[in-house]
Novice: 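Please see the structure below; I have some questions.
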Amino acid sequence: MSHTGPPVVSVHPSRAMVDEAFKVQVENLPPGSPVTLHSLHQSEDKDYWEAFGHYVSDHRGTVSVADDLSCGGTYTGKEAMGLLWSMRPVPGSREGLRLRKLNVCIPQLVNISVYSGHVGGGFREQDPLASALTERWYMAPGVRRIDIKEKGVRGTLFIPHGPGPFPGLLDMWGGGGGLLEYRAALLASHGYASMALEYFNPAEVNTAELELNYFETAFNIVRDHPQVMSDRVGLFGLSLGSIVSISLAALSSVVKPCCCVCISGNHTHARGGTIGGVFNEFFKNLHKVRMDENKYEIWRGMGLPIPDDISQKVDVGKISCPILLVNGDDDQNWPTVECAEDMAQMMRAAGNEHLLTRLEYPDAGHLIEPPYSPHFRATKFIKDGQKVILLWGGTTKPHSDAQEDSWKKILAFLQQNMYSSSGPRAKL
Amino acid sequence: MSMKPLCVKLSVQPSRGLVDEKFTVLVQNLLPGFQLTVHALHQCEDGHSWEAFAHYTADATGTVNVSQDPSLDGTYSGVEPMGLLWSLRPVPGSKSGLRMRKKNVQTPMVVTISVYQGHQMEGFLDRVLLASVVVERWYMAPGVRRVPITDGKLTATLFLPSGPGPFPGLLDLWGNGGKLVEYRAALLASHGIASMALDYLTPQITKETGKIVDNDYFETAYRVLEQHPQILGSRIAMLGLSFGTSVTLRMAVYSQVVKLSCAVCISGSHVQPIGGSVEEILSYFNKNADKTRFDENNQVIWRDLLLPIPTDPSLKVDMGRLQCPLMLVVGEDDQNWPSYECAMDMKEMMERAGNSHLLTVLSYKNAGHLIEPPFMPFARASTFRTVTNPPTKVMALWGGELVAHSRAQEDAWRKMLVFLRENLYGSMKHSASFSNL
């Protein structure tokens with residue numbers, strides 16, 4: 001019997017931003033022991049999420065997740081962050097869950113434990129050998145959170161610490177509605193005064209702000225803030241938020257974004273229409289919705305074929321700022337890659353294609369979130385007052401790689417266009 | 001006239017770290033050759049402001065990396081990744097004799113790191129501020145639990161590491177200033193050791209009865225650790241600084257109850273009347289009070305009170321009887337205790353007795369008495385209030401020189417953690433000498 005003391009799990013850094021990598025190590029194990037590294041998180045909705053990997057300690061009795069290979073579990077191979085991105089709801093959880101931080105002022109707590117042997121489940125019924133708690137933050141110290149209720153606009157503004165002035169961003173989520181602050185908090189932690197914008201109540205499409213006017217007012221609230229550089233305000237959107245961004249960039253005579261980041265967006269709605277037009281199109285095409293074998297709804301058919309008729313599409317030839325499109329080619333919610341291709345062709349014809357950068361990720365789905373977030377292949381959605389489950393698509397590992405890679409490139413794009421003293425440049 | 005550069009980017013990684021973790025301060029988007037000052041500002045719990053600053057010149061890529069580039073001038077110079085913390089000093093106009101010690105360990109120490117244009121020496125609040133970030137420095141890692149202890153009439157706080165345990169334990173003792181000082185125990189718990197900070201000079205029981213505690217108080221503290229369900233009773237260490245060393249050595253060698261896996265003694269001595277009470281040890285020191293000296297600033301030098309080291313064996317802990325690994329940490333410029341001389345005497349005693357394989361001595365040139373966890377600001381002298389009745393307030397000279405002392409703190413802490421880890425987590429076999437550390 002070995003006379004060594006208990007094993008020790010360590011996570012460095014123990015307090016980190018959600019987009020920072022960590023190193024998980026276990027020391028003081030007997031050499032050559034099979035162990036399971038396990039992560040556990042209880043969400044604000046009280047659901048439990050977990051991930052695990054199977055390892056064998058080396059001759060020094062150490063397991064280093066960043067350097068060693070997981071030979072089984074929710075992820076395999078050399079994956080420093082696998083314990084986060086491969087998390088999924090524990091067995092027995094409700095269907096269609098999605099993990100989204102609501103209170104960004106406190107950290108996400110994740111418990112990392114080590115169990116003896118290669119365990120596949122039933123973690124709650126066993127005692128771990130050791131564990132360590134780690135904090136994951138959306139807000140850096142010193143970032144200020146300000147509620148915005150001004151000129152009919154509803155949102156939350158996050159301002160980096162310091163004298164400023166800072167470049168600004170208008171941050172818009174998608175068709176689920178509500179006010180989601182976490183990405184704006186994270187962007188502020190990277191030096192961008194970011195406003196998360198609410199433009200309809202959760203799942204209440206008929207409360208949606210449909211006129212470009214609402215978004216222009218919101219943009220100007222950011223632009224006019226004393227700590228924001230008025231000539232460096234950009235747009236950041238996902239899904240419906242991207243549609244809004246593309247429309248603003250192309251159509252607005254009032255706002256001139258410095259640059260745009262559009263994740264999983266499209267340009268296919270009637271020209272001259274309002275954002276409301278997007279919803280009308282949507283309801284017109286409901287018959288094109290398919291279901292997969294689990295009865296999850298696949299909406300991508302609604303966007304196909306891409307119309308040839310340019311009056312059915314936003315005039316992207318009018319975009320005059322750098323624009324970054326980020327899409328997954330397994331997007332089951334919308335044919336975003338096909339749209340990106342079509343946008344490229346339109347811009348080529350108009351002579352402004354040099355402004356366009358496209359990032360496309362194989363086997364990634366619709367919900368491309370900040371890195372290390374779990375992959376949501378299908379989640380609950382309220383459609384027309386009804387609870388359905390939408391298929392977003394993507395396979396976990398490639399989707400997580402896409403989240404990690406795209407975030408790095410998004411930050412570089414923003415840095416280049418909003419912080420660089422040599423002025424905005426389109427190509428990365 | 002120089003233009004304010006556009007969008008200077010300042011980042012500190014990690015933005016939330018433990019107090020003994022290094023950080024990287026990076027300034028980007030500058031013009032090559034741009035002159036700037038990096039400044040740190042901290043307001044401690046007592047409301048005093050502390051600052052540090054350094055002058056840098058941006059390289060050809062328009063970047064300053066504090067971990068790699070040399071400071072040309074300021075409160076530190078040369079390449080010093082953590083200089084912005086250890087060279088913190090009270091801002092001009094502050095009271096004299098200040099010492100920074102965190103009382104509430106459940107909140108972080110907050111430091112504002114800023115970048116100013118040009119090479120500034122003072123008056124920072126009026127200068128052109130280019131960028132600023134807030135950094136948190138924590139004594140407690142996530143999941144560490146703080147447990148006040150009052151059983152057995154103790155005045156103590158136990159810090160349990162994150163996780164189910166059980167964990168090795170440690171009894172943490174400070175010196176003659178008394179009070180319940182928690183930050184080192186909190187930090188040790190963040191490194192996996194269940195640590196109890198013990199107030200033994202000003203505990204509740206002494207306030208009530210007027211009597212100084214004796215050996216049984218420490219044995220009770222040891223028992224509380226030994227019997228705790230989340231602590232491994234066979235793996236307990238003691239750590240003492242200054243007078244805490246006197247207690248640690250006495251317990252380690254003479255106590256029938258206290259069985260230590262190892263001991264760490266910082267800036268202390270083995271000189272004490274053995275067999276006497278704790279109160280008698282204090283009186284013994286006071287007997288030689290006439291040997292107190294004063295430097296040119298009227299700061300008190302107490303090192304001579306224990307010199308010369310007695311040859312009478314009844315006045316020194318019998319180090320030849322020590323049975324556990326011991327690490328001695330001493331500053332050769334200690335003006336408060338003759339810790340270096342005592343360490344040499346202890347070494348000699350152990351060599352003669354044949355147990356010197358248990359001993360590791362870390363001795364630092366130009367380091368003073370207060371060898372604390374790393375990156376803490378240095379105080380060569382500070383206000384000291386004795387625990388006598390009535391108490392007296394003096395300016396005690398601790399000794400040491402800023403850079404050498406700060407390096408000593410960093411080196412000693414790292415080696416202490418390795419020593420504790422090896423002896424508390426490793427094999428039960430004694431392997432004390434770490435000459436290859």
Side-chain angles (χ1 to χ4, degrees), chain A residues 2-17 20-22 27-28 61 107-114 126-137 139-144 160-167 189-192 229 232 415-416 418-423, chain B residues 4-18 21 23 28-31 62 108 110-115 128-138 140-144 161-168 190-193 232 234-235 261 421-429:
Chain A
S2 143
H3 287 288
T4 53
V8 180
V9 182
S10 61
V11 182
H12 280 120
S14 54
R15 291 181 174 90
M17 300 299 294
E20 280 173 358
F22 59 22
E27 291 171 288
N28 229 37
Q108 188 182 50
L109 297 176
V110 180
N111 209 53
I112 308 284
S113 309
V114 60
Q126 313 177 43
D127 287 330
L129 298 173
S131 70
L133 190 66
T134 184
E135 294 179 0
R136 308 288 296 169
W137 289 80
M139 265 172 84
V143 167
R144 280 176 299 143
H161 181 84
F166 307 99
S189 304
H190 283 280
Y192 302 94
M229 304 174 85
R232 284 172 190 235
Q415 165 99 10
Q416 186 75 289
M418 309 239 268
Y419 263 105
S420 175
S421 37
S422 54
Chain B
K4 177 174 162 165
L6 216 57
C7 302
V8 171
K9 226 169 178 286
L10 169 64
S11 68
V12 180
Q13 301 269 48
S15 51
R16 293 179 175 93
L18 288 180
E21 278 175 358
F23 58 26
Q28 296 169 297
N29 249 27
L30 302 159
L31 293 169
V110 176
V111 183
T112 303
I113 309 276
S114 306
V115 177
V128 178
L129 174 62
L130 300 176
S132 170
V133 296
V134 174
V135 175
E136 291 176 2
R137 307 288 293 171
W138 290 80
M140 277 171 76
V144 168
S162 182
F167 312 99
S190 303
H191 286 282
I193 303 170
L232 293 163
S234 56
R235 288 169 188 260
S261 296
R421 266 287 178 95
E422 292 275 351
N423 285 290
L424 292 176
Y425 271 98
S427 154
M428 295 293 246
K429 185 165 71 78

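Every chain is numbered from 1 and lettered A, B, ... according to where its sequence line falls, protein lines coming before strand lines. Remember, predicted model here, so these are calculated numbers, not experimental data.
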Novice: Just give me the residue among A/P6, A/S14, A/G162, A/G142 that pairs up with chain B most often, heavy atom to heavy atom, under 4.5 Å.
Specialist: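 Ranked by contacts with chain B, first place is A/P6.
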
Novice: Report which part of B/E21 has an atom under 4.5 Å of a heavy atom belonging to chain A: side chain, backbone, both, or neither.
Specialist: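 When you check distances to chain A, only side chain atoms of B/E21 fall under 4.5 Å.
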
Novice: Can you tell me which of A/M17, A/E135, A/H190, A/H12 forms the most heavy-atom pairs within a distance under 4.5 Å of chain B?
Specialist: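 Option with the top pair count is A/E135.
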
Novice: Measure the spacing between CZ of B/R16 and CH2 of A/W137 and express it to the nearest 0.5 Å.
Specialist: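 B/R16 atom CZ to A/W137 atom CH2 measures 4.5 Å (nearest 0.5 Å).
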
Novice: Heavy-atom distances under 4.5 Å only: say whether A/A16 touches chain B with side chain, backbone, both or neither.
Specialist: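 Neither part; nothing is under 4.5 Å.
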
Novice: Return the CD to OG distance between A/E20 and B/S15, rounded to the nearest 0.5 Å.
Specialist: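 It is 6.0 Å, given to the nearest 0.5 Å.
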
Novice: State which residues pass ring-ring contact (aromatic ring centres under 6.0 Å, His included) with A/F166; sequence neighbours excluded, sorted by chain then number.
Specialist: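 In terms of ring-ring contact (aromatic ring centres under 6.0 Å, His included), with neighbours along the sequence ignored, A/F166 is linked to no residue.
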
Novice: Quick check: does any side chain N or O of A/D127 sit under 3.5 Å from a backbone N or O of B/P164, one acting as donor and the other as acceptor?
Specialist: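 No; zero donor-acceptor contacts below 3.5 Å.
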
Novice: Which of the residues B/A141, B/G165, B/P14 is involved in the greatest number of heavy-atom pairs with chain A at under 4.5 angstrom?
Specialist: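 The candidate making the most pairs under 4.5 Å is B/A141.
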
Novice: Given that the side chain runs from C-beta out, which part of B/S114 has a heavy atom under 4.5 Å from chain A: side chain, backbone, both or neither?
Specialist: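 Contact with chain A: none, neither part.
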
Novice: When you check the gap from the basic side-chain N to the acidic O, do B/R421 and A/E27 get nearer than 4.0 Å?
Specialist: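 Looking at A/E27 together with B/R421, the answer is yes, because their closest N to O distance falls below 4.0 Å.
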
Novice: Run the side chain to side chain donor-acceptor pair (under 3.5 Å) test against A/Q415 and tell me which residues pass, sequence neighbours left out.
Specialist: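 Residues passing side chain to side chain donor-acceptor pair (under 3.5 Å) with A/Q415: none at all.
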
Novice: Measuring only between side-chain heavy atoms, which start at C-beta, is A/P141 closer than 4.5 Å to B/V110?
Specialist: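 Counting from C-beta outward, A/P141 and B/V110 never come under 4.5 Å.
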
Novice: Against chain A, label B/P161 side chain, backbone, both or neither, depending on which of its atoms sit under 4.5 Å from a heavy atom there.
Specialist: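 Neither part; nothing is under 4.5 Å.
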
Novice: CD1/B/I113 to NE2/A/H161 distance, rounded to the nearest 0.5 angstrom?
Specialist: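 Output value for this atom pair is 10.0 Å.
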
Novice: What closest approach, in Å, do A/V8 and B/Y425 show between heavy atoms, and which atom pair accounts for it?
Specialist: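 Heavy-atom minimum between the residues: CG2-CE2, 3.2 Å.
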
Novice: Between B/T112, B/L232, B/V134, B/V135, which has the largest tally of heavy atom pairs under 4.5 Å with chain A?
Specialist: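 Result: the option with the highest number of such pairs is B/V134.
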
Novice: Using non-hydrogen atoms only, which part of B/L10 is less than 4.5 Å away from chain A: side chain, backbone, both, or neither?
Specialist: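 The answer is neither part of B/L10.
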
Novice: Show the nearest heavy-atom pair for residues A/Y419 and B/N29, with the distance to one decimal.
Specialist: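 It is O-ND2, 2.7 Å.
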
